[in-house]
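Notes follow the structure.
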Amino acid sequence: MRMSRMFSKTLREAPSGADTKGYEYLLRAGYIRQMGAGIFSLLPLGFRATQKIETIIREEMDRIGAEELMMPVVNPADIWKETGRFYSIDKEMGRFKDRNNRDMVLAMTHEEAVTDLARNLIDSYKRLPLLVYHIQTKWRDDPRPRAGLIRVREFTMLDSYSFDKDYEGLQKQYAAHYKAYFRIYSRCALPCVAVAADSGMMGGKISHEYMYLAPIGEDTIILCPECGYTANRQIAKMRKEYFKEEMKPVEKVSTPEAKTIEALAEYLKIDPRKTAKCVFMVGSFINDKNGEEEDKLVVALVRGDLEVEESKLTNTIKANALRPARPEEIEAHSMVPGFASPIGATGDIITVVDDTVAESNNLVAGANEEGYHFINTNFGRDYTGIVADIASAREGALCPHCGKPLKASKGVEIGNIFQLGTRYSAAMNATYQDEGGKQIPVVMGSYGIGVGRLLACLAEEYNDEGGLKLPMSVSPYQVHLVSLVKDTAIAESIYDELTKSGIEVLYDDRKETAGVKFADADLIGLPIRITLGNRSLKEGKVEVKLRSTGEETSYLISDLAEEIKAEIAREMAAIDENIVEKDLD
RNA sequence: CGGGUAGUAGCGCAGGGGCUAGCGCACUUGGUUCGGGACCAAGGGGUCGGAGGUUCAAAUCCUCUCUGCCCGACCA
């Protein structure tokens, strides 16, 4: 490609709002342009990079026996009503009516679409297992898009769907994806970890997320440096200690102004771990047959030094959504914010008690009276509720497996694999006939990678003061040919020759000064830069500089194509040597 | 959805009741330069996010509204 004919151009200054390096350079180098909140165009450079990523994805999906197909973005709402997600997913899903006033949705994922296909196509156990995928546009009306391509509303996603006759088959396909995803990320040279995860709106039980660990990430990952335990904080466990002792009688004590655990512990001169913290949420429960919504007050208790993990709480009570309760909602159940506990609460509430509270004795809790707390409260004797792990794991807490201190890190979710089971096949009646002639729901898995987000993470990982420096495997072109001489004949013939040898060349044929060309080359960041200048041309040589290391050499023009091919091969080999082959434990 | 912040030329910004709305970069033309974001000269381009209002007069003040960005809620 000739730069004089290129659609995009570089920017000297970062557009305002580009607050991470990766995003700034993707904009400045002309890889992407923004059209609205969370809506981006991929310019030719960005498009080529994502095409490279998609090629890697296709190769790896093919490798595990997947077939590529293409499902529609627009779905009739009927299939989404069958699974209930038409109702349970709120504003995040795009909806509209067609000319005949039928409900339509913009598919934000394709479990419904693929299950609809499966129930027509899969008849016998003899046809299982099956695996299909597509790479396609998704619309998710995220409430808060941010950081360029990291969190957008319209994006391209690889999603694959597996079908098996039993869970054993699902395990195999799941394990195959677990491994294939590591191969995909490592072939893109993006470092990542897999963590146990919450399955959220997808349903199902077991899921893993692939995380690019970086400060710009919004998820918190809990990991154990000792034994390798990793999980999203949303579901991460930790070893907990209980304070068991003989139950003492409840006693009301005056605690003026002690509205927080800190103030309370200070005032009573006790350890916060001897208190029970009460957190109020309102859970909404949606009937997925008709979309009717019901709200209930949720009272969550954790030990005073811990925090409530909302995802765990949501999962425990199977709520659709959770929001903080307003004071009047708490008071309506005879509780007093700041001095609250389930003791004496009235009306229809859901009480969830973390095991740290349920298994400890004689804790301090609110008396539901302004200025008073109870001491020596005991779960079971003074109040009841659902006992579950709803406390948030955090750095320094003890590993649930080996007991060593845990670490916390920020991460960006770049992929997710789910064992769906029969969540969709049962709801949509996608069954197969087994050996005995019985109709059995197909056991499914679903698996996804955000392609644009992957590019955004790569841009974040690979940059320096000069601009981007994407790895050879995903770089939009392999070589940047910069000509500084007036006579274009030599540059033209080199461009020709390299292109004919199958090398992807971006040729800067513009009438610009050396400084401008070098700066743009650094910004766009192709792995190999070839410079044609009078200095070395006198000796029949051209200079070659590697973007990643800054290493410079010069080659005779006659050897150039071979040397460049060798360098490309070296860089690709270096990536291939580091392909991660990791099996699911 | 709550809090904050900002919409003036392609990008970055200044101007904050008064006279042809400005600067840097980018762009066009001519010339000089030519290995790390050149120089000189001459140009083109915006009606100030939108609507309404106040005023002799509005980019500037007021009201409403739309949009972007940041934080939070939320989410993959």
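Here the structure is a predicted model, which means the values were calculated and not measured.
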Round to the nearest Å and state the distance from [X] atom [atom1] to [N] atom [atom2].
{"X": "A:Asp90", "N": "B:A73", "atom1": "CG", "atom2": "P", "value": "18 Å"}
{"X": "A:Glu218", "N": "B:C70", "atom1": "CD", "atom2": "P", "value": "10 Å"}
{"X": "A:Arg151", "N": "B:C71", "atom1": "CZ", "atom2": "C1'", "value": "12 Å"}
{"X": "A:Met35", "N": "B:C69", "atom1": "CE", "atom2": "P", "value": "14 Å"}
{"X": "A:Lys511", "N": "B:G30", "atom1": "NZ", "atom2": "C1'", "value": "16 Å"}
{"X": "A:Glu465", "N": "B:G36", "atom1": "CD", "atom2": "C1'", "value": "14 Å"}
{"X": "A:Lys541", "N": "B:G35", "atom1": "NZ", "atom2": "C1'", "value": "17 Å"}
{"X": "A:Ile89", "N": "B:C74", "atom1": "CD1", "atom2": "C1'", "value": "14 Å"}

Is there a Watson-Crick or G-U wobble partner for [N] with both distances under 3.5 Å, and which nucleotide is it?
{"N": "B:G46", "value": "none"}
{"N": "B:A38", "value": "B:U32"}
{"N": "B:G2", "value": "B:C71"}
{"N": "B:G24", "value": "B:C11"}
{"N": "B:C56", "value": "B:G18"}

I'd like to know if [X] and [Y] make a salt bridge, using a cut-off of under 4.0 Å between side-chain N and carboxylate O.
{"X": "A:Arg153", "Y": "A:Asp141", "value": "yes"}
{"X": "A:Lys138", "Y": "A:Asp159", "value": "yes"}
{"X": "A:Asp19", "Y": "A:Arg146", "value": "no"}
{"X": "A:Arg140", "Y": "A:Asp142", "value": "no"}
{"X": "A:Arg547", "Y": "A:Asp464", "value": "yes"}

Using the [atom1] atom as the point on both nucleotides, what is the distance between [M] and [N], in whole Å?
{"N": "B:U20", "M": "B:A59", "atom1": "C1'", "value": "15 Å"}
{"N": "B:G16", "M": "B:C61", "atom1": "C1'", "value": "10 Å"}
{"N": "B:U8", "M": "B:G50", "atom1": "C1'", "value": "14 Å"}
{"N": "B:U29", "M": "B:G44", "atom1": "P", "value": "15 Å"}
{"N": "B:G7", "M": "B:U60", "atom1": "C1'", "value": "15 Å"}
{"N": "B:A26", "M": "B:G37", "atom1": "P", "value": "13 Å"}
{"N": "B:C19", "M": "B:A57", "atom1": "P", "value": "15 Å"}
{"N": "B:A21", "M": "B:A58", "atom1": "P", "value": "13 Å"}

For [X], give me all partners under side-chain hydrogen bond (donor to acceptor under 3.5 Å, both in side chains), at least two apart in sequence or on another chain.
{"X": "A:Ser554", "result": "none"}
{"X": "A:Ser88", "result": "none"}
{"X": "A:Tyr212", "result": "A:Glu461"}
{"X": "A:Thr137", "result": "none"}

Kindly indicate whether the side chain of A:Ile89, heavy atoms from C-beta on, has any atom under 4.5 Å from the side chain of A:Met108. yes
Would you classify [X] as touching base, sugar-phosphate or nothing, given that sugar-phosphate means primed atoms plus P, OP1 and OP2, and contacts are heavy atoms under 4.0 Å?
{"X": "A:Pro143", "result": "base"}
{"X": "A:Ala521", "result": "nothing"}
{"X": "A:Gly533", "result": "base"}

Salt bridge (Lys or Arg N to Asp or Glu O under 4.0 Å) with A:Arg233: which of A:Glu310, A:Glu395, A:Glu309? A:Glu309
Would you say the rings of A:Tyr174 and A:Tyr178 are close, in the sense that their centroids are separated by under 6.0 Å? no
Please confirm whether the ring centroid of A:Tyr447 lies under 6.0 Å from the ring centroid of A:Tyr161. no
When you compare the protein's N or O atoms with those of nucleotides 4-10 of chain B, which come within less than 3.5 Å of each other, and at what distance?
none

OP1 or OP2 of [N] less than 4.0 angstrom from a side-chain nitrogen or oxygen of [X], does that happen here?
{"X": "A:Thr531", "N": "B:G35", "value": "no"}
{"X": "A:Gln34", "N": "B:C69", "value": "yes"}
{"X": "A:Arg144", "N": "B:C71", "value": "yes"}
{"X": "A:Ser16", "N": "B:G12", "value": "yes"}

Between the protein and nucleotides 24-29 of chain B, which nitrogen or oxygen pairs come in under 3.5 angstrom?
unit_1 : atom_1 : unit_2  : atom_2 : d
B:G24  : N2     : A:Glu13 : OE1    : 3.1
B:A26  : OP1    : A:Arg12 : NH2    : 3.0
B:A26  : O2'    : A:Lys9  : NZ     : 2.6

Could you list all N or O pairs between the protein and nucleotides 65-67 of chain B that sit under 3.5 Å apart?
none

Result for 5'-nearest mapping on RNA chain B, choosing between A:Phe155 and A:Pro145, is A:Pro145
Taking for each residue the nucleotide of RNA chain B with the nearest heavy atom, is it A:Leu322 or A:Arg535 whose nucleotide lies nearer the 5' end? A:Arg535
Counting only distance, no hydrogens or angles, is the base of B:G37 paired donor-acceptor with the side chain of A:Asp520 under 3.5 Å? yes
Contacts of type salt bridge (Lys or Arg N to Asp or Glu O under 4.0 Å), residue A:Arg95, not counting sequence neighbours: none
Sequence neighbours left out, what passes salt bridge (Lys or Arg N to Asp or Glu O under 4.0 Å) with A:Lys52? Give chain and number order. A:Glu504
Within residues 477-487 of chain A, those residues having any heavy atom closer than 4.0 Å to RNA chain B are A:Leu484, A:Lys486
Looking only at the side chain of [X] (C-beta and beyond, no hydrogens), which of the listed nucleotides [options] gets closest?
{"X": "A:Glu310", "options": "B:G37, B:C74, B:G36", "value": "B:C74"}
{"X": "A:Ala514", "options": "B:G35, B:G37, B:C70", "value": "B:G35"}
{"X": "A:Asp19", "options": "B:C1, B:C70, B:G37", "value": "B:C70"}
{"X": "A:Phe518", "options": "B:C1, B:C75, B:G35", "value": "B:G35"}

Sorted by chain and number, sequence neighbours left out, side chain to side chain contact (heavy atoms under 4.5 Å, CB included) with A:Ser186 holds for A:Ile579, A:Val580
Going by the side chain to side chain donor-acceptor pair (under 3.5 Å) test, which pairs reach into residues 533-542 of chain A, not counting sequence neighbours? A:Ser536-A:Glu543
